[in-house]
Every structure is written in C-alpha cells, then in structure tokens.
Number of protein chains: 2
Amino acid sequence: MRADAQRNRERILDAAEEVFAHHGASASTEEVARLAGVAIGTVFRHFPTKDDLLAAILKRLLARLAEDAATLGGADGLHVFFRRLVEQAAAKRTVVDLAGVSVPAALSQLGEAVGELLGQAQAAGTVRGDVRRPEVMALLVSLCQGALQGGWDAKLQERTLAVVFAGLAA
Amino acid sequence: MRADAQRNRERILDAAEEVFAHHGASASTEEVARLAGVAIGTVFRHFPTKDDLLAAILKRLLARLAEDAATLGGADGLHVFFRRLVEQAAAKRTVVDLAGVSVPAALSQLGEAVGELLGQAQAAGTVRGDVRRPEVMALLVSLCQGALQGGWDAKLQERTLAVVFAGLAA
DNA sequence: TTGGAAAATGAGTCTCGACTCATTATCGTA
DNA sequence: TACGATAATGAGTCGAGACTCATTTTCCAA
C-alpha cells in the first residue's frame, strides 16, 4: 500500500470516530471526508460502503476497550471498567449507536477480557460466584445504552451503578 | 372534528404503532399510510411532521404503561413491572427507539407510577429504603435498551434481572 | 336535498445522502 | 528523471423519503 493511501486511511478512521461520536451513526460520509481533509471518493475507495466504515471504527474501538480491560485487574477491576465504559458512553455515541453493525471477532475479544475481570473479582470475593459472563455483558451494554440516551449526571450515574454493584456483590 | 377525520386519526395511530414497532422509528410515513389504508396526505394532515406522529404514539404508549403500572402494587409490583417492560422491549422497538422524541408530560406520568410502585415495595421490605426513583427509572430504561439491542433469550433476561433485583433488595 | 366547509387524495417537488467514474495527481521503481 | 501503476478528486447519478397542493370526495347543518 502506497504511503499516501496509508496516511489517508488513518485520517479517515480518526475523522469517522470523531464525527460518529458526536452525531451518531446517521452522520454523513461527506462530513467525515470534510473533517479528514480528503474527497468523498477517497473515503469510498478505502471503505466501499458506509457500513464498512462503521464496522472498521467499531472494531478499532472494541479492540481498544478490550486492551484497556486487559490492563485492569484485581478485586475492583470489573467495577472500574464498568464505570469507565458508562462514562464514555454518555460522551460518545459511537459504541452504543452501532447496534446494526456487527464485528463478531472484536466483540468476543471484549467478552473474554470482561470474563477475565469477572473471574478476578470473584476470586477476590468482590463479586458473587454464581454470576456469569453473559449477564455481566448484558448489564454493561444496557447501562451504556441507558447512560447515552438518558443523559445521566454524575450523581445519577453513581447511584445507578451502586445498585448494580450491590446486585453483583457477594 | 368530522367523523371520518376522527376515524382516520385512530387508524393512523394504530398503523403507526404497528409499523414503528416492527421496523423502528426509521420506517417510512408512506408505510404507515399504506397499513392505515389512507393516502399519504391524510397522514400529514393529522400529523404535520413525522416527529409529531412519533410523539403521538409515544405519548399513547407511555400513558398505557403508566396505567398498567397503576394496576400493579404490593411487595412485588415493581418486579413484575420491570419484567413486563423488558419483555415488551425485546419484542417492540417503539418505546426504546424513540430517544429523540420527547413527551415530558407523559414521561413524568410514568415516573410517578413507578415511584408509587417503588414506595410500596419499600414499605413491604422488598426493596432497600435508600433507593430512589431516578435510579430505578434509569435502570428500567437501560434494561429495555439492552434487551432490545442484545436480543436476550429468556434465560439471559432472567439472570440479568436477578442481578438487578438483588441490587435493589434489602 | 343541497351547498359549502372540512377532509382525503396522490402525483409531484425537494432535499439529502450514499455511491460512481472519467479525469487528474501522486508515488515509487527502474 | 521517466513512466506506469496506484490513488485522489469531485461533479454527477440515483434512490428514498419527507412534505405539498390543486383537485376531488365526503360529511353534515340548514
């Protein structure tokens, strides 16, 4: 791949992340091109359809999250991760808005990272032993959705998470 | 209002509820008109913009939910209501998909009904006393969002709700 | 019954956004 | 450097869907 192509690809991904974070997945490809400083045709050369573009940034984002999760650990790693994700969701629509686009590989990667955190929390006795990964993921997704849509303030977020954490606790 | 106008208004609302439930808020007004058996112009005579139509069915739906909540009560009324709502969310996109449209009056009506259920559950000792209405609403909205998007099966729904109920419990 | 107001009709307009492609520019190799 | 391959450009096509309005139909009060 030629150097300019490589450079533009990165620019487009960065721009797309920014644009979709602010205006949701319904933002136009044209807007992405403008922010990236390339012509619209260039965007479509790299990502033949809008869905391809969405899938690409979603994959990147999920990978980043999984990586983030992997650096955490210990008794309250899971709790920290929950809080961090919910906070981000309120600010950035991206992850949340993209129900339609699927990137199975990236998602399962995140799932494993969360499973790891759950295991550690259970080992430390911070979380009940009979809780399993699927419901933890379900709660995570739900809370992100809710935070985005509801426009929670810090207080409400804390109180809501407190209820969920209590439910997870031993 | 003339009799035919009244009749058509009802038909349109019913059709809209059906259509938006299945295909989400992005379904076309034309589709609604077709199902209602009226011309597209008739829909716009009754609801000048698509948002007006969405707001109208959302208002209806929230009122129905509030009414539903009002018939419940006792120690586990809140729990029953949670479960019922989450189940519906998985089947019908309508309530959930409509983040953008706001119908403050209808929403606060639902809020009060939930508050009432919460009060009763707390009086019965089924729910901790320090839980307040806003976080209960936040959890309700979040779980509906999550259920819709995640396509939960019955098992997962039950396990997820179990965690939340444990968090609410005394 | 009938006249006119209210309502319905649906073909047509308009906007917006995804996507194309002939042309032009840029890169990297020989 | 020169040149062919690769990439970028952006005006233009296309389809979809919200909304309009001149015309026709329906209701109902007198």
Side-chain angles (χ1 to χ4, degrees), chain A residues 1-60 93-94 96-103, chain B residues 1-60 93-94 96-103:
Chain A
M1 186 184 255
R2 252 167 60 174
D4 52 348
Q6 180 74 42
R7 195 176 344 113
N8 278 336
R9 192 191 168 81
E10 292 305 318
R11 276 192 195 161
I12 290 165
L13 279 175
D14 290 342
E17 204 171 315
E18 167 83 15
V19 168
F20 292 133
H22 285 330
H23 310 305
S26 69
S28 75
T29 315
E30 193 116 21
E31 183 65 32
V32 172
R34 198 173 311 132
L35 185 62
V38 302
I40 180 76
T42 304
V43 175
F44 281 98
R45 162 171 267 266
H46 287 278
F47 306 96
T49 70
K50 187 180 175 179
D51 272 2
D52 289 332
L53 178 55
L54 287 171
I57 65 171
L58 185 57
K59 185 177 164 190
R60 230 194 178 192
R93 334 187 36 129
T94 322
V96 178
D97 221 39
L98 270 41
V101 186
S102 71
V103 188
Chain B
M1 185 183 253
R2 250 166 59 174
D4 52 348
Q6 180 73 42
R7 195 179 340 112
N8 279 336
R9 191 190 168 82
E10 291 305 318
R11 277 194 195 159
I12 290 166
L13 280 174
D14 290 342
E17 203 170 317
E18 167 83 15
V19 168
F20 292 134
H22 285 330
H23 310 305
S26 69
S28 75
T29 314
E30 194 115 20
E31 183 65 30
V32 172
R34 198 173 310 130
L35 185 61
V38 302
I40 181 76
T42 304
V43 175
F44 282 99
R45 161 171 266 267
H46 286 279
F47 306 96
T49 72
K50 187 180 176 181
D51 271 1
D52 289 333
L53 178 56
L54 287 171
I57 66 172
L58 186 56
K59 185 177 164 192
R60 231 192 178 194
R93 330 186 40 129
T94 321
V96 178
D97 221 35
L98 269 41
V101 187
S102 71
V103 188

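Lettering follows sequence order; numbering is per chain, from 1. What you see is a predicted model, and the numbers here were worked out from it, not measured in a lab.
- Listed here is the closest heavy atom pair of B/Val32 and B/Ala15: O-CB, 3.6 Å.
- Rounded to an integer number of Å, the gap from A/Arg34 CZ to C/dC16 P is 12 Å.
- Atoms CD1 (A/Ile40) and P (C/dA18) sit 7 Å apart, rounded to a whole Å.
- Partners of B/Asp4 under the salt bridge (Lys or Arg N to Asp or Glu O under 4.0 Å) rule, at least two apart in sequence or in another chain, are B/Arg2.
- The minimum heavy-atom distance linking A/Arg93 with A/His23 is given by the pair CD-C, 3.8 Å.
- Protein chain A touches strand DNA chain D; the 5'-most and 3'-most nucleotides with an atom under 4.0 angstrom of its non-hydrogen atoms are D/dA5 to D/dA11.
- Of the two residues contacting DNA chain C, namely B/Arg9 and B/Glu30, the nearest-nucleotide position lying further toward the 5' end is that of B/Arg9.
- For the pair A/Ala39 and B/Asp4, nearest-nucleotide mapping onto DNA chain D gives the more 5' position to A/Ala39.
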Can you name the atoms? Protein N/O to nucleotides 1-6 of chain C N/O, anything below 3.5 Å, with the distance.
unit_1 : atom_1 : unit_2 : atom_2 : d
C/dA6  : N3     : B/Arg2 : NH1    : 2.5

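- Listed by first then second residue, pairs satisfying side-chain hydrogen bond (donor to acceptor under 3.5 Å, both in side chains) with a partner in residues 41-51 of chain A read A/Thr49-A/Asp52, not counting sequence neighbours.
- B/Ala27 comes within contact range of the sugar-phosphate backbone alone, with a heavy-atom separation under 4.0 Å but no base atom that close.
- For B/His46 and C/dA8, the shortest distance from a side-chain N or O to OP1 or OP2 is below 4.0 Å.
- In terms of heavy atoms, B/Val43 sits closest to B/Ile12 at CA-CD1, 3.9 Å.
- Rounding to the nearest 0.5 angstrom, the gap separating the CZ atom in A/Phe47 from the CD1 atom in A/Ile57 is 9.5 Å.
- Side-chain proximity of A/Phe44 to C/dG17, C/dC19, C/dA8: nearest is C/dC19.
- A/Thr42 comes within contact range of at least one nucleobase, with a heavy-atom separation under 4.0 Å.
- When the side chain to side chain donor-acceptor pair (under 3.5 Å) test is applied to B/Arg60, the partners found at least two apart in sequence or on another chain are B/Asp14, B/Glu17.
- For residues 29-41 of chain B, the side-chain hydrogen bond (donor to acceptor under 3.5 Å, both in side chains) pairs, not counting sequence neighbours, are B/Glu31-B/Arg34.
- Summarising the geometry, atom CD belonging to A/Glu10 is positioned 5.5 Å from atom CD belonging to A/Gln6; distances are rounded to the nearest 0.5 Å.
- Contact between the side-chain N/O atoms of B/Asn8 and the OP1/OP2 oxygens of C/dA8 is found at a separation under 4.0 Å.
- Between B/Arg11 atom CZ and C/dA8 atom P there is a gap of 10 Å when expressed in whole angstrom units.
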